[in-house]
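Everything on this sheet refers to the single structure shown next.
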Amino acid sequence: MDTVALRIVAQIATEFQDEDKKLSKDLEETCISLSLALLQKETHKASSLKQNKENERLLAAIQARVEEYFDNYKAACLHWEKACEGMETGDSTIGTVPKVWLFDLERCRLASAARQHIETYLGERSIIKKNANELSLRFFRNHCVHGYRPTIITGMGKHLVPCYGFEWLRRCVPKKQIVVYQKGSHRSLGQRQTELMTVNDYLDALENGKADGMYLFDCSIPKYLPTLLENLRIPRYFAHDYLTRTMRDHAWSKAWPALFVGAAGTQSSLHVDQWHGSFWMVMVSGHKRWTLFHPDDMALLYPSWSRGTLAPEFPTLEELQTQPNKYPGFCHARKQVVVISPGDVLFVPGGTPHHVENLGNTISYAGNFVDAANFDRVLQDMKTMGWKDGQLKQAYSALDEVELDAEMGMHDDIGQVENLVVPYAEYASGESASWPFQVPLECSFASKWAPSINEGIQNLDGAMALPKFCSPTPKERCVDHLDDEGYAVLGQVLTKEEAFELKCYLQGEILKALDSNEAPAGDPNSAFAKIHTRKHRYDLRLGMTDMIKKTLHTIVGVRYASVYNKILPADASLVELGVITSLPGAPRQVIHSDVEFDADARKVFTTFVALQDITADMGPTEIWESTHTEYFCSFYKPRMLGPVDPYYDKNPPKKMAIEAGNASLIDTRVMHCGGENSAESPRMLFHFSFETSSEPNAPKGFTYNLTPELRGKYSLKTISEL
């Protein structure tokens, strides 16, 4: 290894010295340091490979990559020198910049820094996810920001905007004109295709499926949509932003938040945000998939600085993933993939390479920020590029002349979540950097979100409210809750990403079944089972494919094995397996139970897994608590007027508005129904049922909607052992 390292170092040093005898000694030392670090870093990974031939192949790729790395750097230096021709080498404000710093070496030193952390190189930089009522400002800034940990903050949604979905923009800025990028051209540095249109026209195009490739991207709200500022709040976690607290204005004093409205499938290219700026985003509508890479692994993403900017250019994520021979180091880069949903707040540390994809039509607002964690790096980047960019030079001067208290506003107190949001005016002026222990309620939109029980999720002014999700039942209470109330809410039986993957798979299965199915629902030869109130609603029977096996095993054999093993014997039979889809316009079902009460009959327990966030307007399953008991079924039920009895109006049901990946586990004797889907999206539930084995009687009324080839084949034990 030493021979290889020395040969590459010698070659690099010779190339640079031959071209410029006056090249700083610092640059030569940096080259040596970086080449050794890259070799150490890659060899550390290569050493875990068992085959010598694989080692040799990887080391050859490393050697070629080091040489390419410095070829790119050399080209960037030449580009920079050409751009700076005719400019003075000294400035009274900035001072003399040595030649070694004509182009920023910070990205290169990221790879060199790996040498100091080689022991922990393979460790994961896990994403933190916390509810705002559990996340103090001090913890966030010390552990998330200074710890360079990507973070998702939940529980703030209804305090940040007065309503969700497209309604937010239609109510606030419907006629404002915006510039929308066409056909993904927002990712191009060359000719960009744009179209000038009103907000309403753009939203209409999105809703009608006529916005393919269209993206309102990084649109400054203070500059272009200022009236929207009164209808949003800034999370206090970012209110200490140094950019808003300078004595002099600069280009980024009031640039953020920016608005992002993207069509399904649009995405950003793999990139790093400018000048090491940290990033935050509030999701208003839809879902985004973020792919985050560890900053120390930038060299494994094959960056190039040939365009002469501090932010490197990368191959596309698709190219990196599908061309292993061209990019052999990419498979070793550490990454985290996360899907963020409406109401989530995402923090991304400065210098983190990331790729973003809109999984559906999305709305969000976001901003970059600077604080003590990235202040020095930001200043260095701005100072270097300030020779070329007047706005960066101005911002550098404004930031460099002030002394800011890194501890300001850093408190352990959490208090009410409404204290954790601030109006834009206070954020932009820097006033909100301090911590007020009491914040007027009008700073939060929470009071405007709170509907009465009878009004569902509609506000008094008709605006759509933030979805209110059912809290999962504590795992240790699930069995008792199921026994007492007839149901339990299971939290994260699947991750949101797993739920989304399953949803996509099942949508494909549904389309295939619709194309090929001819028998009526309920027929033994039909792919579809009988279901109550079938209009705009269907239940597809599923086969035991690898995807379904994996999902069932994850739920009953791993994550909630302790619950299922308590309520079911090992030989409990799988008696239902399918996916229920409630399309927009589906009416409310008749109130019913799936089986009649019989103390001597076998019990059936059904699990409904939400494949997307289920909001109140999507018609979540409604459950009347404790209607599965012998007391209710023997005393009340025989005297009732069936499903229209006043009992059901006087005793409001529990609505299963649950987050994607959560599930409702029900005793099928409980009274329930699917609600009316008045939303614009279908509600999909993956479901399965198990039947106990010790009781003598079969459950009366149960339909056993299982494909014939699966009947009697799978039990709780066999699925747990898959």
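Hydrogens, waters and symmetry mates are skipped; everything else that's a heavy atom, side chains included, is used.
Side-chain polar atoms of H250 and Q391 form no donor-acceptor pair below 3.5 angstrom. Judged by distance alone, the side chains of Y505 and T545 do bring a donor and an acceptor atom under 3.5 Å apart.
Interatomic distance, Y427 OH to K254 NZ, rounded to the nearest 0.5 Å: 10.5 Å. Atom OG1 of T352 and atom CG of D297 lie 11.0 Å apart (nearest 0.5 Å). Note that CG of L160 is 12.5 Å distant from CE of M283, once rounded to the nearest 0.5 Å. Atom CD1 of I340 is separated from atom OG of S364 by 7.0 Å, given to the nearest 0.5 angstrom. Distance NZ/K129 to CG/L135: 13.5 Å, rounded to 0.5 Å. The structure places SG of C219 at 9.0 Å from OH of Y181, a figure rounded to the nearest 0.5 Å.
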Worked check of salt bridge (charged side-chain N to carboxylate O under 4.0 Å, His left out) between E498 and K503: CA-CA 8 Å; E498 289 169 341; K503 177 183 176 181; over 6 Å; no

Stepwise side chain to side chain contact (heavy atoms under 4.5 Å, CB included) check, R233 with V282: CA-CA 10 Å; R233 296 290 183 261; V282 173; over 6 Å; no

Evaluate side chain to side chain contact (heavy atoms under 4.5 Å, CB included) for F140 paired with S136, printing each intermediate quantity in order. CA-CA 6 Å; F140 175 74; S136 70; over 6 Å; no

Walk me through it: do W252 and Q274 pass the test side chain to side chain contact (heavy atoms under 4.5 Å, CB included)? CA-CA 12 Å; W252 291 277; Q274 58 185 343; 3.7 Å; yes

Derivation and outcome, side chain to side chain contact (heavy atoms under 4.5 Å, CB included), residues W256 and D218: CA-CA 9 Å; W256 290 297; D218 203 13; 4.1 Å; yes

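Side-chain atoms of T322 come within 3.5 Å of backbone atoms of E318 as a donor-acceptor pair (strictly under, hydrogens ignored). A donor-acceptor pair under 3.5 Å is formed between the side chain of D371 and the backbone N or O of A373. Put simply, the side chain of H271 gets close to the backbone of S269: a donor and an acceptor are under 3.5 Å apart. With N361 contributing its side chain and A264 its backbone, the two residues share a donor-acceptor pair below 3.5 Å. With N374 contributing its side chain and H276 its backbone, the two residues share a donor-acceptor pair below 3.5 Å. Judged by distance alone, the side chain of S268 and the main-chain N or O of V356 form a donor-acceptor pair under 3.5 Å. At distances below 3.5 Å, at least one donor-acceptor pair connects side-chain atoms of S397 with backbone N or O atoms of K393. Under the 3.5 Å distance criterion, the side-chain polar atoms of T266 are left unmatched by any main-chain donor or acceptor of G262.
Nearest heavy-atom pair, K550 versus T554, reported as atom, atom and distance to 0.1 Å: O-OG1, 2.8 Å. Residue C144 comes nearest to I128 through the heavy atom pair SG-CD1, 3.7 Å, listed as atom of the first residue, atom of the second, then distance. In terms of heavy-atom proximity, P150 sits nearest to L292 at CB-CD1, 3.7 Å. The two atoms that bring P353 and P295 nearest to each other are CD-CA, 4.0 Å, heavy atoms only. When all heavy atoms of A660 and Q492 are compared, the pair lying nearest together is O-NE2, 3.4 Å. In plain terms, the two heavy atoms of A333 and L301 that are nearest each other are CB-CD2, 4.0 Å.
Close placement of the F238 and F369 rings is indicated, their centers lying within 6.0 Å of each other. Checked against the 6.0 Å centroid threshold, F314 and F330 do not count as a close aromatic pair.
Residues P472 and N662 are in side-chain contact: their nearest non-hydrogen atoms beyond the backbone lie under 4.5 Å apart. Inter-residue side-chain proximity for W280 and P257 is flagged as met; some heavy-atom pair is nearer than 4.5 Å. Side-chain contact between K288 and M281 is present, with heavy atoms from C-beta onward closer than 4.5 Å. The closest side-chain heavy-atom distance from H240 to R245 is below 4.5 Å. Under the 4.5 Å side-chain criterion, counting only non-hydrogen atoms from C-beta, R559 is not in contact with V493. Side-chain contact between V421 and I234: absent, with no pair of heavy atoms (C-beta onward) separated by less than 4.5 Å. With contacts defined as side-chain heavy-atom distances shorter than 4.5 Å, the pair F260/L216 does not qualify. Residues M298 and V272 meet the side-chain proximity criterion, which asks for heavy atoms closer than 4.5 Å.
Taking 4.0 Å as the cut-off between side-chain N and carboxylate O, K326 and E319 do not count as a salt-bridged pair.
Residues forming a side-chain hydrogen bond (donor to acceptor under 3.5 Å, both in side chains) with Y560 (at least two apart in sequence, or on another chain): none.
Annotation for Q321: atom CD counts as buried by contact number, over 12 foreign heavy atoms lying within 6.0 Å. The neighbour count for N131 CG, taken as heavy atoms of other residues, nucleotides or ligands under 6.0 Å away, is above 12.
Screening E357, H355, Q267 for a side chain to side chain donor-acceptor pair (under 3.5 Å) with R289, the sole residue that qualifies is E357.
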Hey, can you pull the donor-acceptor pairs under 3.5 Å for the side chains in residues 342-351, sequence neighbours left out?
| residue | atom | partner | partner atom | Å |
| --- | --- | --- | --- | --- |
| D344 | OD2 | S341 | N | 2.9 |

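The aromatic rings of W290 and F279 lie tilted to each other, with the angle between the two planes from 30° to 60°.
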